[in-house]
Amino acid sequence: MLEKVEEEVSHYVTRIQSEQQHDGSWRYDFETGPMTDSSMIMLLSALFPDEKDLIPLLARRLVNKQAAGGEWKQYDDDDGHLSSTIEAYTALLLSGYVDRNAPLMKRAEDYILRSGGVEKAHISTKFMLALHGLYPWPTFYPMPLFLIHLPKWVPLSFYRWSSYVRTHFAPILVLGHFKFTLLHPSSADINHLYTTQKYRKLHRRLRWNRRDTIKKNQDLSAVNRIKPSRAIRMAEQMMLEHIEGDGTMYSYASATFFMIHALLAIGYQPDSPAVSRAVKGLISFVTQTEDGELHVQNSPSTVWDTALASYALQEAGLSTEDGGFQRAAAYLLSLQHHEKKGSIGDPPTHVTGGWGFSESNTSNPDVDDTQAVLRALTGFTHQYAEYYDAWRKGVRYLFRMQNDDGGWAAFERNSTSLITRLFSLESFEDTAFDPSAADVTGRTLEFLGSHVKLTVDHPRVQAGVHWLLKRQQPDGSWYGRWGVSYLYGTWAAVTGLRAVGIPANHPAIQKAADWLLRIRQPDGGWGESCKSDVSKTYIPAPYSTVVHTAWALDILIAIHDQPVSAINEAVSLLIEWNKEGGSRRVTYPTGAGLPGQFYIRYHSYPRIWPLLTLSHYVQKYKSC
């Protein structure tokens with residue numbers, strides 16, 4: 001078996017090395033559902049005719065992603081995702097790419113009506129429809145603009161929310177305040193997608209009033225219309241200060257869409273520098289996926305993928321003297337954040353030393369990307385002073401970001417969620433705050449143990465261990481916030497605990513191992529449904545996946561000193577699946593953004609995680 005594994009490692013290494021870019025990075029697709037493509041089509045079709053050549057190319061992907069029953073899905077075993085279907089249908093309708101009476105549109109219409117109509121869509125979908133005059137703004141907007149005034153010590157303060165939410169809600173507060181609507185050249189409407197008479201009447205009234213409302217929005221300048229209040233100026237300042245070099249806001253497509261609309265709402269013109277640069281930034285996020293279609297990435301994952309690929313190759317035994325590693329290290333070093341732009345009401349900058357997710361991200365470092373980059377740079381610290389200095393700053397950033405409860409979150413320190421129930425917004429609690437997470441905590445502990453050589457005797461590590469042990473589920477698993485879901489969290493927790501010296505016979509480790517063996521798929525692999533993310537309990541996927549199996553196998557390798565049968569069977573599966581090439585086993589999303597609404601297919605994952613796991617197999621069992 002060992003010889004086969006070494007040969008497989010060599011195949012993965014050759015493939016990943018061949019995919020490295022000249023600048024040292026690895027650029028894999030960050031692929032999601034229809035949301036970003038639909039939003040881009042709606043925006044371009046309304047305001048930017050010069051970019052309309054892109055619309056049919058994005059529309060073609062939407063058409064090809066439609067399921068047989070007329071719905072669009074987030075993942076294979078999804079019964080259909082109503083909000084995604086409404087967004088895709090509306091985008092296609094406004095694009096002019098297909099006629100409303102086309103069979104695919106009729107199938108989508110039937111699915112939407114069977115599922116409860118537009119009334120049952122997620123609030124984010126209703127918000128996007130309202131921006132385009134296709135859904136009525138509520139009389140009472142649940143997120144008043146005055147929240148941006150409240151100081152941080154007030155429980156309801158805007159500044160208590162996570163940086164991700166503040167980024168999106170600064171423009172959202174503005175748009176809700178003005179109930180802003182764009183005028184579309186197309187006269188298309190979606191009244192036929194409402195199921196209740198109440199909403200059909202509201203929609204008809206909206207159609208009659210739409211042009212007058214839009215004319216008011218578009219004719220009046222910001223000064224004449226609003227005599228900009230302090231809250232508007234604060235929101236505008238926050239948006240402008242967090243525009244990245246590529247024109248996007250915080251390097252997120254989703255936030256950039258909202259920012260563009262908000263700037264238009266306060267008087268900016270479509271050809272103004274801020275708006276036109278933002279559109280160009282969104283266009284720069286367009287990628288051609290492996291199936292040849294164009295897709296708007298929500299946030300290109302270049303830093304994350306480059307760090308993971310470089311580290312996985314090093315674990316496979318390649319020397320840091322390799323020219324590819326040298327380029328990758330230099331690339332990552334150049335993207336370290338030396339200061340963080342403060343939000344409104346905060347100091348203007350903070351010293352960080354961390355790294356962000358995307359290449360263009362200069363103001364929003366996070367714990368997970370930082371520990372991933374530090375892994376990739378550890379091998380350079382003994383040879384080069386500049387790498388050692390950067391590495392030390394990164395480690396200090398990780399310690400500064402540790403929460404008082406002992407765990408680590410992604411973006412924020414000591415972010416709590418006690419007041420989310422006051423806001424009647426769907427999914428708000430899942431994003432508004434950034435509490436400690438098992439996956440981020442486990443991966444940070446694994447880095448501190450394997451690369452900083454700290455053990456549970458260190459007080460900060462001990463606090464992290466205690467937090468993890470208290471958060472273990474009764475069945476032995478841990479929930480992972482940023483991956484799907486319990487397999488991801490359990491993998492991060494167990495490998496982290498083992499790296500800092502928790503023995504394999506510890507009750508928590510044994511309990512996790514027992515759970516892992518209980519949930520094996522019939523073929524001997526592992527696969528978890530994205531439905532777990534919503535139900536907050538483990539639900540199996542309809543088949544094993546390469547990524548889930550790699551994570552599960554890595555857990556077992558971390559626990560067992562000898563390769564037990566479950567390990568060898570899983571290794572054989574990974575080797576077999578790699579030969580299959582385009583198998584559906586590599587297409588299931590294993591990254592998570594927002595439970596029930598946003599899942600990610602990282603094109604890097606089916607390459608990187610099997611290589612890392614198989615390399616660990618060779619390292620541990622070569623002398624057996």
| query | Any donor-acceptor pair under 3.5 Å linking the side chain of Gln510 with the backbone of Ala504? | reply | yes
| request: Evaluate the side-chain proximity of Leu58 to Leu62: yes if any heavy-atom separation is below 4.5 Å, no if none is. | output: no
| What's the spacing between Thr248 OG1 and Met259 CE if we round to 0.5 Å? | 7.5 Å
| note | Heavy atoms of Pro540 and Gln521 approach each other most closely as CB-NE2, 4.1 Å
| message | Within the structure provided, determine whether Ile608 and Tyr602 are in side-chain contact (heavy-atom separation under 4.5 Å). | response | no
| query | Just by distance, with hydrogens left out, do Tyr543 and Asp523 show a side-chain donor and acceptor under 3.5 Å apart? | reply | no
| Are Tyr28 and Thr287 side-chain neighbours, meaning at least one heavy-atom pair lies under 4.5 Å? | no
| Does the ring centre of Phe127 sit less than 6.0 Å away from the ring centre of Phe258? | yes
| Within-4.5 Å side-chain heavy-atom neighbours: Val367 and Phe447 | no
| message | Checking Arg27 now: which residues fulfil salt bridge (charged side-chain N to carboxylate O under 4.0 Å, His left out) with it, not counting sequence neighbours? | response | Asp23, Glu359
| message | Going by salt bridge (charged side-chain N to carboxylate O under 4.0 Å, His left out), name the residues that satisfy it together with Arg413, two or more places apart in sequence or in a different chain. | response | Asp404
| Hey, what do you get for CG (Asn361) to CG (Asp366), rounding to the nearest 0.5 Å? | 8.0 Å
| When you look at Thr549 and Ser544, which way does the side chain to side chain donor-acceptor pair (under 3.5 Å) test go after all the steps? | CA-CA 7 Å; Thr549 300; Ser544 299; 4.7 Å; no
| query | Is the backbone of Phe411 close enough, under 3.5 Å, to the side chain of Asp434 for a donor and an acceptor to pair up by distance? | reply | yes
| task | Verify, without hydrogens or angle tests, whether Lys531 (side chain) and Asp77 (backbone) share a donor-acceptor contact under 3.5 angstrom. | result | yes
| request: Report yes or no: do Glu446 and Thr495 form a side-chain donor-acceptor pair below 3.5 Å? | output: no
| Non-hydrogen side-chain atoms of Leu131 and Trp137 separated by less than 4.5 Å | yes
| task | For the pair Glu315 (side chain) and His616 (backbone), establish whether a donor and an acceptor sit closer than 3.5 Å, ignoring hydrogens and angles. | result | no
| Side chains of Ser436 and Thr441, donor plus acceptor under 3.5 Å | no
| In chain order, what residues pass the side chain to side chain contact (heavy atoms under 4.5 Å, CB included) check against Ala513, with sequence neighbours excluded? | Ile559
| said: For the backbone of His466 and the side chain of Arg471, can you confirm whether one donor and one acceptor N or O come within less than 3.5 Å of each other? | reply: no
| request: Would you check if the side chain of Trp482 reaches a backbone N or O of Asp439 as a donor-acceptor pair within less than 3.5 Å? | output: no
| Is the distance between the ring centroids of Trp515 and Tyr486 less than 6.0 Å? | no
| remark: OG of Ser477 to OH of Tyr538, rounded to nearest 0.5 Å, is 10.0 Å
| field | Under the salt bridge (charged side-chain N to carboxylate O under 4.0 Å, His left out) test, residues paired with Asp368 that sit two or more places apart | value | Arg443
| query | Say you draw a straight line from CG of Leu612 to OH of Tyr12; how long is it, rounded to the nearest 0.5 Å? | reply | 12.0 Å
| message | Can you see whether His548 engages Thr590 through a side-chain donor-acceptor pair at a distance of less than 3.5 angstrom? | response | no
| task | Indicate whether any N or O donor in one side chain lies under 3.5 Å from an N or O acceptor in the other, for Thr32 and Asn298. | result | no
| request: Evaluate the side-chain proximity of Lys511 to Gln472: yes if any heavy-atom separation is below 4.5 Å, no if none is. | output: yes
| said: Distance alone, cut at 3.5 Å: any donor-acceptor contact between the side chains of Thr196 and Glu119? | reply: yes
| task | Without swapping roles, check the side chain of Thr195 against the backbone of Gly117 for a donor-acceptor pair under 3.5 Å. | result | no
| said: Rounded to the nearest 0.5 Å, what separates atom OH in Tyr599 from atom SG in Cys530? | reply: 5.5 Å
| request: Carefully, step by step, assess His168 and Met249 under the rule side chain to side chain contact (heavy atoms under 4.5 Å, CB included). | output: CA-CA 9 Å; His168 288 76; Met249 186 176 178; over 6 Å; no
| query | After noting the C-alpha distance and the side-chain angles of Trp72 and Asp78, does the key distance pass the side chain to side chain contact (heavy atoms under 4.5 Å, CB included) rule? | reply | CA-CA 9 Å; Trp72 275 263; Asp78 187 0; over 6 Å; no
| query | Could you walk me through whether Leu497 and His506 pass the side chain to side chain contact (heavy atoms under 4.5 Å, CB included) check? | reply | CA-CA 10 Å; Leu497 291 171; His506 188 282; over 6 Å; no
| said: When you compare the side chain of Ile519 with that of Leu487, does any pair of heavy atoms fall below 4.5 Å? | reply: yes
| query | Between Trp609 and Trp491, does the ring centroid distance fall short of 6.0 Å? | reply | yes
| message | So, using salt bridge (charged side-chain N to carboxylate O under 4.0 Å, His left out) as the criterion, who are the partners of Glu19 when residues are at least two apart? | response | Arg15, Arg607
| message | Does any part of the side chain of Ser529, heavy atoms only, come nearer than 4.5 Å to the side chain of Tyr588, both counted from C-beta? | response | yes
| task | Would you confirm whether Glu528, through its side chain, and Ser485, through its main-chain N or O, come within 3.5 Å as a donor-acceptor pair? | result | yes
| remark: Applied to residues 57-74, the salt bridge (Lys or Arg N to Asp or Glu O under 4.0 Å) test, sequence neighbours excluded, yields Glu31-Arg61, Glu31-Lys65, Asp37-Arg61, Lys65-Asp291
| said: Under the criterion side chain to side chain contact (heavy atoms under 4.5 Å, CB included), I'd like the reasoning laid out for Asp405 against Lys470: C-alpha separation, chi angles, the key distance, then a yes or no. | reply: CA-CA 11 Å; Asp405 63 13; Lys470 286 189 295 184; over 6 Å; no
| query | To the nearest 0.5 Å, how far apart are OG1 in Thr125 and CG in Leu134? | reply | 12.5 Å
